[in-house]
Each structure stands twice: as C-alpha cells, then as structure tokens.
Amino acid sequence: MLHLAIPAHVALWFLPFVLPLCYAAALTDLRGMRIPNCINDSLGLVYIVVGLFVMPTWADYGWQLLHLPIGIAFGFLFYSAGMIGAGDAKFAGAAAPLVAFADLPALMMIFSANLLAGFVTHRLAKYSPLRRLAPDWLSWSVGSKFPMGLCLGATLSIYLILGALLGSPAAG
C-alpha cells in the first residue's frame, strides 16, 4: 500500500486553497497556452501562509520553503533548455514547497501518468467532435505544443488528495 510522507492533516489543509488554483492553471493553459503569474504567486503564497500554521515543526516549514527557490531554479533551467514554458516552470516552482521531498518518487509516477493521460486525452479531443465544446481554445491550434498546466495542476491535486488519504499520521 502506498504511504506518503506528507502529513495527512497538512495535505487536507492545503487542498481547499490549492484545488481552485490547479483548476485555474489547467483551464487558462488550455484556453490561452499560458498560466498567469497571479496563479503561480497565489500557489506560493498558500504554502507561505497556510504552511505557517499547519506544518508540524518550524524546521519542516523552513526546509519545505527552500523547495520554492530550488524549484524555480530547476524550472528556469528546463525553460532555458526549451523543454517547458515559462508559466509551467513557475507553477512547478511554486508548487514545490507543497510536496514532501520523500514523496518525490510518488509525485513523479503521478506526473508521468498524468502527462500520458493528459496528452492522449487532449489530442483525442482535438481531433474529435469534442473540440466543438471549446472551439476557441488556443491549445487546439499551436502545433506540437501542449498545455502542460493541465498535467501539472492535475498532478498537484492528485498528490494532495492522496496525501490527505494516505499521508503520515499527525505527530503526538
């Protein structure tokens, strides 16, 4: 059975703040092939404010807060290499503090499954009558580019949901 390092109560507290931001990131990326900075800034702010109250210790809070600049740095490297878009890089960096480092292997499995499912679903919808449900989405007509916000938002959402269900018990 899968067990995650993130404390279940922490994931549960983050969920109501993070889920709408993940949805907004996915939708704006599908519609316009961009994730607005306000979504990424809000995601980072959720950790800074909510994490202050729900993280088990100050050390946990501080170590996870370090994930933010490290995540942004890695995102910048991937963006500079042309592997991902700027909004995707910023979203991943802003999401980094919300993920326990020990859960990185599980997160990569969730992301891999989401990337495959998201890409196949997007391409199937693009070339089917489903496209008529959202005919103005820019993501239909940008060639080989893909709205990664769809998969990034879903990955963070699924991770936190699993964390609330399968995370470590509260200390004490």
Side-chain angles (χ1 to χ4, degrees), residues 1-29 34-118 147-172:
M1 175 138 214
L2 177 68
H3 294 285
L4 295 174
I6 187 172
H9 78 282
V10 170
L12 195 56
W13 272 103
F14 284 141
L15 272 171
F17 302 101
V18 171
L19 286 180
L21 295 171
C22 291
Y23 174 76
L27 188 59
T28 57
D29 213 12
R34 63 182 305 272
I35 302 172
N37 285 337
C38 63
I39 292 172
N40 300 324
D41 295 345
S42 297
L43 192 57
L45 196 60
V46 165
Y47 179 79
I48 291 169
V49 175
V50 177
L52 192 61
F53 296 100
V54 301
M55 291 303 289
T57 67
W58 285 105
D60 293 327
Y61 177 78
W63 280 113
Q64 295 230 175
L65 188 57
L66 277 176
H67 295 182
L68 182 66
I70 294 167
I72 294 287
F74 274 106
F76 178 74
L77 289 174
F78 287 127
Y79 168 71
S80 296
M83 298 169 70
I84 60 174
D88 305 327
K90 290 182 273 187
F91 184 90
L98 297 161
V99 177
F101 185 75
D103 291 338
L104 205 50
L107 185 79
M108 289 295 101
M109 287 191 300
I110 295 167
F111 177 68
S112 297
N114 270 307
L115 186 56
L116 180 61
M148 190 68 73
L150 173 66
C151 302
L152 292 170
T155 296
L156 183 58
S157 297
I158 292 169
Y159 168 73
L160 288 175
I161 291 167
L162 289 175
L165 297 171
L166 306 171
S168 63

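By convention here, the first residue in the shown sequence is residue 1. Atoms considered below: every heavy atom in the structure, side chains included; atoms not considered: hydrogens, waters and symmetry mates.
Of the possible donor and acceptor atoms, none in the side chain of Thr28 sits under 3.5 Å from a partner among the backbone N and O of Ile35. Counting only distance, with no hydrogens or angles, the side chain of His67 and the backbone of Leu98 share no donor-acceptor pair below 3.5 Å.
Atom CG of Leu162 is separated from atom CG of Leu4 by 6.0 Å, given to the nearest 0.5 angstrom. With rounding to the nearest 0.5 Å, the separation of SG in Cys22 from CG in Leu27 is 12.5 Å. In this structure, CG on Leu43 lies 5.0 Å from CZ on Phe91, to the nearest 0.5 angstrom. To the nearest 0.5 Å, atoms OG1 (Thr155) and CE (Met108) are separated by 8.0 Å. One finds the CG atom of Leu45 at 12.0 Å from the SG atom of Cys38 (value rounded to the nearest 0.5 Å). To the nearest 0.5 angstrom, Asn114 atom CG is 9.0 Å from Leu152 atom CG.
When all heavy atoms are compared, the tightest approach of Ile39 to Leu21 is CG2-O, 3.6 Å. Residues Ala86 and Tyr79 approach most closely at N-CD1, 3.4 Å, considering heavy atoms. Listed here is the closest heavy atom pair of Ala94 and Leu68: CA-CD1, 3.6 Å. The shortest heavy-atom contact between Leu160 and Ile6 is CD2-CD1, 3.9 Å. Of all the heavy atoms in Ala164 and Leu15, the pair that sits closest is CB-CD1, 4.0 Å. Listed here is the closest heavy atom pair of Gln64 and Val99: NE2-O, 3.5 Å.
Taking the six-membered ring where the residue is Trp, Tyr47 and Phe14 present tilted rings, their angle falling between 30° and 60°. Using cut-offs of 30° and 60° for the angle between ring planes, the Tyr61 and Trp58 rings count as perpendicular.
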- Message: Walk me through whether Asp88 and Phe78 qualify under side chain to side chain contact (heavy atoms under 4.5 Å, CB included).
- Response: CA-CA 10 Å; Asp88 305 327; Phe78 287 127; over 6 Å; no
- Intermediate values then yes/no, side chain to side chain contact (heavy atoms under 4.5 Å, CB included), Asp29 and Leu150: CA-CA 7 Å; Asp29 213 12; Leu150 173 66; over 6 Å; no
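With a 4.5 Å cut-off on side-chain heavy atoms, Lys90 and Asn37 count as touching.
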